[in-house]
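Residues take their numbers from the sequence shown, with the count starting at 1.
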Amino acid sequence: CKTICNGCEYANRMREFEGKLKHTCPFCRHPLPNFEEEIRKNYIKRIEEEADKNYMKRIEANEPVALFEMGLRRRDEGDIEGAFKYM
């Protein structure tokens, strides 16, 4: 990573603001990674993994609604034989 003076950084930010441009690297003009989007994706992925884990616990406990829903999931994925296993 290179060092840039505050004046040059400010000038680059003003150019982007006035031109309604996305924030880019002042040296190579490549877009900077969107860290907020990455954090949001990782958060959603973690929540989905935990939900799936809890869902599997319900299936292991032979909860009828969870078994039926898993059958529907398998059917929607195209696994008809797997769907009958749960329904």
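- Summarising the hydrophobic clusters (Ile, Leu, Val, Met, Phe, Trp, Tyr; side-chain heavy atoms under 4.5 Å, direct or chained), the residues clustered with Leu21 are none.
- In the hydrophobic clustering, Tyr10 connects to Met14, either directly or through intervening members, whenever side-chain heavy atoms lie under 4.5 Å apart.
- For Glu9, the salt bridge (Lys or Arg N to Asp or Glu O under 4.0 Å) partners two or more places apart in sequence, or in a different chain, are Arg13.
- Checked against salt bridge (Lys or Arg N to Asp or Glu O under 4.0 Å), Arg40 has the following partners two or more places apart in sequence or in another chain: Glu37.
- Sorted by first and then second residue, the pairs that involve residues 76-87 and meet salt bridge (Lys or Arg N to Asp or Glu O under 4.0 Å), not counting sequence neighbours, are Arg74-Asp79.
- The distance from atom CD of Glu50 to atom NZ of Lys53, rounded to the nearest 0.5 Å, is 6.0 Å.
- Contacts classified as salt bridge (Lys or Arg N to Asp or Glu O under 4.0 Å) and involving residues 60-73 (residues at least two apart or in different chains) are given here: Asp52-Arg73, Arg58-Glu63.
- Contact detail for Ala83 and Gly71: the closest heavy-atom pair is CB-O, 3.3 Å.
- For CG of Asn6, the number of neighbouring non-hydrogen atoms (other residues, nucleotides, ligands) closer than 6.0 Å is 12 at most.
- For the atom pair CD (Glu18) and CD (Glu16), the distance works out to 11.0 Å, reported to the nearest 0.5 Å.
- Applying the side chain to side chain contact (heavy atoms under 4.5 Å, CB included) criterion to Ile59, with sequence neighbours excluded, gives Tyr55, Met56, Ala66, Leu67, Met70, Tyr86.
- Phe17 is linked by a side chain to side chain contact (heavy atoms under 4.5 Å, CB included) to nothing, counting only residues two or more places apart in sequence or in another chain.
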